[in-house]
Amino acid sequence: MRSQRPFLVETITAIALILAPFVLPHLGFTPNTINRILVWGLFGLGFDILFGYTGLLSFGQSAFFGTGGMFAAYLLTEAGFGYVMAAVFLGTIVAAIVGYLIGLIALRRTGIYFAMITVAIAEVFFFVEFNPLSAFTGGENGLPGVPRPSIFLGFTTLEFNTDFQVYGFLAFWYFVGLVIALRIVRSPVGAILSAIRDNPQRAAALGHDIHSYKLTAFVVAAAYAGFAGGMLGLMQGFMPPDAFMFETSGQLVMQTAIGGAGTLFGPLVGAAVWLYLSDFFQNTLHLGATWKLVLGIVFVLLVCFLRHGIVGAVIDLYRLVAGRWAETAPGAGVVPPASVPATPPTVAMMPARRRDSDRSSGPILQATGLTKRYGGVVANSDIDFTVNHGELRGIIGPNGAGKSTFFKMLTCEVPPTSGQILFEGKDITGMGVADVCQLGLTKSYQINQLFNRLTVRENLMIAALAETRGKFKLDLFSNPRNSPELTEQVDHAMALVNLASRGDAQVSELAYGEKRRLEIGLALATSPSLLLLDEPLAGMSPAERIETVKLLKSISRGRTMIVIDHDMDALFELAERVTVLQEGRVLVEGTPDEIKGNTKVQEAYLGGVHDVLAAQ
Ligand code: ADP
């Protein structure tokens, strides 16, 4: 997504793959080690999409590596199937199908529980391969006699018999695998996978079906594993049973950590280091059984001191040098200000959804009898609440009054204990948060929920993609940079929240006020017809508040909004009507003037500032 030079990575990789068999032997790599590195690199391409890009740490990849490899090897040996590459592709498909079925189960959980399920899966597959299926897999003997690769071209057959020829064969498929992986990570799906890694809840709240995207990454990883398994059999002329072993999964994880996750090349580089060191410790230094201990220590040191792995460190270094160079270049020093003044933008307004303009009067949202209990705590109790199209409603209430819980129920982040919510006349009670966002109802959060490792532009693109593509779309090979509508939508959102000059800045580089504006921008970029803002002014300086109120006024034109805030001056200035919540109930509702003059509000909520308000 970020590369401005198309095919640069592909070209460098192709050159490196051509040079490697001539250079690496001089560094002490044996031809067989070089070939094994490529198999691990291919295996790791899929795993990096799953782990590095999507943030899903699986220890079960050996199951798919073994399945794909064994299936292909069985076809080519026991079943007498004569088409080598067809067998490998069939093995890949079988591994992908198995990955789909396993993913359906494993992805029901997240974090450590997901990882534990994948460990169990690896063990189950190892057992099944050794016992019930040993007649097919050869049990502990594996499947010998896998033919060397050959490709029939019609007029001639290419044979790959020597290590060097096998290298050419593997390097070709590694390159194909890399090109496909690059397309995937640069596609809209790849962008959404990175968003899921950074903040899955927000990715869902912006309208993406994160479960289906995670499943996609899982299947892609399984397919790569299956293909690499097939390649292992061809390379060795033998399909070893240890492909299924848990150690295989563990080694893949470690190699990826050493090389650098989220880089695609990390697993390849990690495999090179790992295999080189294990050869060196065993065959050159003759360390006997202690080689694993030494390798373990080296692994710990590498992971501790290179947090982003070897490839990550190289990228960090490159950015540092490029940054320094840019600073010293003529014209440098014109750094964008940390906080851009939030004046109302002059660009065309980001449209609310079409359906909003279709029905420009009457209620857009109706909540009846909305109640939420957390055990003994009643956060919201029997709330009736209606907002009309085009209205700008304010909600105030002391801490603990139930305002955030109320918003969470409206956006379907939490289900109500009882009550009903109608949005545009449709009952959305109990719907998923992504579905509700797709209908045009979303919110900005009280505590920023951004995609921290992405840039401002990429953040907004994640939001805009949900509107342009819907909840789920498998456009694995399209490039979002080729969509002028999407670019326009992102540019609009960026201008609307005054971040146009900060498009390429990573979230971590933004000032607090900029982050708050991006938080609002994310919600806006989904083109909601009803926008909820949970304390948009929270944590801002008085000057930033004034500017942000201006910003909110400008974005409220032609849009329906509900705003929670503690800053009553700001809210009374913004909102046409205000609802006051107290102890989970609606205390009173009215125009700002009515609220200011309401004695119930002054006594029950405003208390000490009674006199101040009366004087206004
Ligand atoms: P406000 O946004 O007005 O400060 P909240 O909606 O955050 O109020 O909270 C209302 C009440 O519900 C508080 O008493 C709070 O402690 C309780 N509450 C909110 N969320 C939870 C939760 N997830 N589990 C238990 N109690 C909660």
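Note that ligands are numbered from 1 as they come in the structure, with each ligand's atoms numbered from 1 the same way. Not measured: the values here are computed from a predicted model. Throughout, numbering of the chain's residues begins at 1 and tracks the sequence.
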Shortest protein heavy-atom distance from atom 4 (O) of ligand 1, along with the residue and atom involved: G400 N, 2.8 Å

Protein heavy-atom partner closest to atom 9 (O) of ligand 1 - residue, atom, separation in Å: T405 OG1, 3.8 Å

Polar contact flag, side-chain donor to acceptor under 3.5 angstrom, E467-Q489: yes

Ligand 1 atoms in contact with P398 (distance to a heavy atom under 4.0 Å): 3 (O)

N498 versus R517, side-chain donor and acceptor atoms under 3.5 Å: no

No-hydrogen, no-angle side-chain donor-acceptor test under 3.5 Å, S404 and Q446: yes

Atom 21 (C) of ligand 1: the protein heavy-atom neighbour that sits closest, reported with distance to 0.1 Å: Y374 CE1, 3.2 Å

Closer than 4.0 Å: a protein non-hydrogen atom to atom 15 (C) of ligand 1: no

Shortest protein heavy-atom distance from atom 17 (C) of ligand 1, along with the residue and atom involved: V377 CG1, 3.9 Å

Residue, atom name and distance, where the atom is the protein heavy atom closest to atom 2 (O) of ligand 1: S404 N, 2.9 Å

Within-cut-off N or O pair, G402 and ligand 1, under 3.5 Å: yes

F385 and F406 aromatic ring geometry - parallel, tilted or perpendicular at 30°/60° bounds: perpendicular

Within 6.0 angstrom of R577 CZ, more than 12 heavy atoms from elsewhere: yes

Heavy-atom protein neighbour under 4.0 angstrom from atom 6 (O) of ligand 1: yes

Contact (N/O only, under 3.5 Å) between F406 and ligand 1: no

Geometric cation-pi criterion, K403 with F407: 6.0 Å, 45°: no

Polar side chain donor-acceptor pair, T487 to R481, under 3.5 angstrom: no

Check: A379 N/O within less than 3.5 Å of ligand 1 N/O: no

Closest approach of L365 to I421 (non-hydrogen atoms, all atoms of both residues): CD1-CG2, 3.9 Å

